[in-house]
Amino acid sequence: MTRRRTLFFLGLSGLAGCTRGNTPRLNVFNWSNYVGDDTLARFEARTGIKVRYAIYESNEEMLARVMTGNSGWDVVFPSNYFIEPMREMGLLARLDRARLTNLANLDALFQRPAWDPALAWCVPYMWGSSGILYDTRLADAPRAWADLWTPRFQGRVTMLDDPAEVFGAALKKLGLSLNSTGEAELRRAQGEAMKQKPLLRAYLNAEVRDQIVAGDIAACQLWATTAQQAIDAAPHLQYAYPREGFALYADCAVVLRESRRAGLAHEFLNYLLEPEVAAGIVRVSRTATANGVARRMLPAEVSGLRALYPDAETLERGEWFQALPAAAQLLRDRLWTELKSA
Amino acid sequence: MGHVLELRRLTKRYPGHAALEALTLEIEEGEFFSLLGPSGCGKTTTLRLIAGFETPTEGEVILRGEALAAKAPHERNVATVFQNYALFPHLTVRANIEFGLRYRRGVERSIEPVVEMLQLGGKLDRKPEQLSGGEKQRVALARALVLRPDVLLLDEPLSALDPNLRAQVRTELRALQRQVGIAFVFITHDQEEALSVSDRIALLHGGRLEQLGTPRELYLAPRTRFAAGFLGAVNWVQGVGVRPECTRLSVDAVNGGARCVAATVVSSTFLGNCLHVEAVTVGGERCVAELARHDTPYAEGQSVHVVWDARDELNVPG
Amino acid sequence: MKRLRLIFLTPAAALLAGLFVAPLAILAVYTVLTRGAYGGVSAPFTVENWMRLADPLYLAIVWRSFVVAGVSTAICVVLGFPLALFIARSGARKNLYLALVMLPFWTSFLVRTYAWMFLLRDTGLINTMLLAMGVISEPLPLLYNWGAVIVGLVYGYLPFLVLPLFATLERMDPALVEASADLGAGPWQTVWRVILPLSAPGLRAGAILVFIPCLGAYLTPDLLGGGKTILIGTLIQNQFTSARDWPFGSAVALGLMGLVMVLLWLHARRGGEPLV
């Protein structure tokens, strides 16, 4: 899933080098917009550790880099559904919980997450959902995915350019799990997507933001963090959590098994878990922190953003993305290609 | 027969210099007319103005009584043989010759007569790159003549040929012109070429008409020193011009009708068909005598007399 | 001499071997391996990835890419020929016009494609102006369709056609054009019967330089086409990202390269000009 941009190949190249000189150095590879302006500098000042930091735009891009097992990176931030695959591939180091004294600061939601109940491999960092962003001036509030299948949005609605999201929404519309792997379910979802395609203006990822702000688009499927940026720019936009259910994801910090600086890596993870640090980051990034203590420290106008922090009742309808088995993945891509070809 | 082409005060100026200044000419039906002059004299400009590739600054080109000012090149019934022939490299000889046929009304549709006249029968399916220089020239002629233009313009058509071939080709060209009866306007910088083929020659110099006349008039009665010198070698002795072939040498002074000046031999050059002896007169003027090769040999430093007949003097004013 | 040549050739050869041949070889090996569960490749060897290329689904994508590239190239030819001719005939201003043709290369292709989005979208420059002038009452659907994709491709690759064509036209003997007019052909007839045939090598070289990148383009179809269709470039990209099917992606990429090679070979066989 290319969450931030479609521009997979333009990501920064980040060949993290080995330690130079005597200053201990930590190599961190993260999503864009995921640290504050002084987050790294303060860590460096406090510990004397030098941080080499680079950003990526998709899980696939990150995985392609670290897959070799000698990429030079120490800490990366895969999404929750990439944790299990990366663990199976032997890329992750088991976390030493004794050194992560700040784990307790995590929100209750992330104390025993489904993808890593014991938090043995990852530390949840940021999270979000994908729902519907709409223009309150142009459309009655869509309450369900099914509303994006109605002619009232003809030509003024977009879906994400991503098979997991489009088929996920279609599966939810059908009342199925967005992690369905059966051929029958996936084919039904594709059928729904086929029906919807003529209504769509386009399949757009992050670039839809500027267009819905400008008023080109009345409603779109969008990630909550991007939606929040749009709402910040245009207050007449609103984010809806569809009635049938919606996708959830969490980006988690992990230590790579190849890292020869596991101690420093743990120190860095523990630092990120400090409430002041975590709060400082999301004040800038306006993304949803997994750190419960930090969230409570934020002013209400930040911690109360509904697009970022659904209430408990809404959260019930959310479903975490899971890793898709190889066979289902192959089928889904084929169905996706068919959808695009139609 | 009247004139087919008329140039009236034809002028072409470019920023900073005049390529052609007020040229007035009349070219007769069926005439072989040469524009002669050194490079930069305006002869090529004249041709391009007639063909329509350039627009005159002033003056007129009149073809068969009709002013051409408003007509584009493809609307003028003149045809050009370009200096490098400008054959279309992607077309066969046949297609080259047929190229213009579809545009000119009332022109016979067959290329056969022209092909036969120029002996191109066996070459019709060749591409220009497979032809010799002479053949290319004949194709260029055929391509233009098949259109039966009122005037055929030839831009130094012999200069791209092998020197050995030129004399032969110019004779053929002259014969061809007689045969087709079309007026030729022949551009050349070679006075021998112009003299040998032309009915009349216009000698241009610095964008102006220097002298107009038959080859005989130009050679024998040049009106300027430039005309005299451009048409052939001249000895300037005591203010008059004498051609080398009219100049003799004599050891003794000559009395009677001939003119005679004392001189000293500087050099003697054997040229095969004749002997060139160069001498310097007592007045310090260099002159060359073209002598028969069995004439007396002269030694360097020998005292002689330069002798000529008064009737051979060129009467150049000024 | 020979040794000197060897010394000078070595860096380029090493660079090519390292940066071009080696990755290609890796790609070639990938095509006969099995996809890893989460990307990457694994044993055993298989020819399945190549077999999949014959699937009608993918053949249709290849065909569609050829049509899009072909249409874009044809439009580039129609627009580029007069432009190249104009530049070749513009005397002292030639260099200025050439610089203008190449000016877009000074900006990133991505940025320029985004600029097109700003022009074409509902609230973009064109629609806003037409609405303000009262020419239309509803925004025209200019973005996210085939028209937008082809506009983007033509815009992006037109210079690749103009430059080689200009080179050919400039070398053409001006006397040939004069000869054509002299023989009675009007300007259009001269273009059709003389200039066009004689510029064929440059035109062919330019057309190939446009056609090949259009065939593999993925940025323009994605950004201006709005992802509602799929071309080879996007198919390849998907295999390395969301589909996590590197072997198949490698096979499509190499297959596309093979096709391009055939095109180049055909061009060379016809005695075409060198492309660069």
Side-chain angles (χ1 to χ4, degrees), chain B residues 15 44 47-54 71-92 95-107 111 127-129 136 139-157 160, chain C residues 77 80-82 84-86 88-96 164-208 266-274:
Chain B
T44 299
L47 177 137
R48 295 178 63 79
L49 287 167
I50 298 171
F53 302 142
E54 308 275 354
K71 289 198 169 185
H74 66 280
E75 295 165 328
R76 302 181 176 202
N77 195 24
V78 298
T80 308
V81 174
F82 290 82
Q83 187 166 10
N84 59 2
Y85 313 130
L87 300 182
F88 302 120
H90 59 299
L91 299 178
T92 59
N96 264 283
I97 297 174
E98 287 174 343
F99 189 91
L101 280 181
R102 67 171 75 173
Y103 307 117
R104 295 275 159 95
R105 279 168 215 280
V107 165
I111 65 169
K127 288 285 184 70
E129 63 190 13
K136 283 183 191 165
V139 175
L141 278 166
R143 185 174 72 172
L145 286 175
V146 76
L147 301 177
R148 304 214 143 271
D150 291 328
V151 173
L152 184 71
L153 308 170
L154 300 103
D155 188 5
E156 307 233 10
Chain C
V77 168
F81 183 79
L85 193 58
F86 169 76
R89 299 287 198 85
S90 50
R93 291 225 166 129
K94 204 168 352 192
N95 289 330
L96 171 70
L165 190 55
F166 163 79
T168 309
L169 287 171
E170 206 200 14
R171 279 200 304 266
M172 193 184 297
D173 182 358
L176 293 174
V177 174
E178 289 179 349
S180 174
D182 194 63
L183 294 167
W188 290 107
Q189 289 149 340
T190 297
V191 166
W192 186 248
R193 292 185 70 194
V194 177
I195 299 176
L196 201 57
L198 287 177
S199 56
L203 205 54
R204 207 161 51 230
I208 288 177
L266 284 176
H267 172 72
R269 220 183 47 154
R270 297 197 54 181
E273 311 237 316

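Here is how names work: the chains are called A, B, and so on, in the same order as the sequence lines, proteins then strands, and each is numbered from 1.
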Cut-off 4.5 Å, heavy atoms of chain B, and the answer for C/Ser180 is both
What one should report as the nearest heavy-atom pair of C/Leu198 and B/Pro89 is CD2-CG, 3.5 Å
If one checks every heavy atom of B/Arg48 against chain C at 4.5 Å, the contacting part turns out to be side chain
Bottom line for B/Asn77: the part with an atom under 4.5 Å from chain C's heavy atoms is neither
Cut-off 4.5 Å, heavy atoms of chain B, and the answer for C/Asp182 is both
Nearest heavy-atom contact between B/Phe99 and C/Arg193 is O-NH1, 3.1 Å
Where do C/Gln189 and B/Arg102 land on the side chain to side chain contact (heavy atoms under 4.5 Å, CB included) test, with the steps shown first?
CA-CA 11 Å; C/Gln189 289 149 340; B/Arg102 67 171 75 173; 5.9 Å; no
Rounded to the nearest 0.5 Å, the CG atom of C/Leu183 sits from the CG atom of B/Asn96 at a distance of 8.5 Å
(Q) Would you say that B/His74 contacts C/Pro187 through its side chain, given a criterion of any heavy-atom pair below 4.5 Å between the two side chains? (A) yes
With chain B, the option among C/Ala185, C/Ala175, C/Gly186 that has the most non-hydrogen atom pairs under 4.5 Å is C/Ala185
Residues C/Val194 and B/Phe88: closest non-hydrogen pair is CG2-CE2, 3.6 Å
Rounding to 0.5 Å, atoms CG (C/Leu176) and CZ (B/Phe82) come to a distance of 8.5 Å
Applying a strict 4.5 Å limit to non-hydrogen atoms, the region of B/Leu87 in contact with chain C is backbone
Cut-off 4.5 Å, heavy atoms of chain C, and the answer for B/Ala72 is neither
Chain B shares the most heavy-atom pairs under 4.5 Å, among C/Pro174, C/Pro197, C/Ala179, with C/Ala179
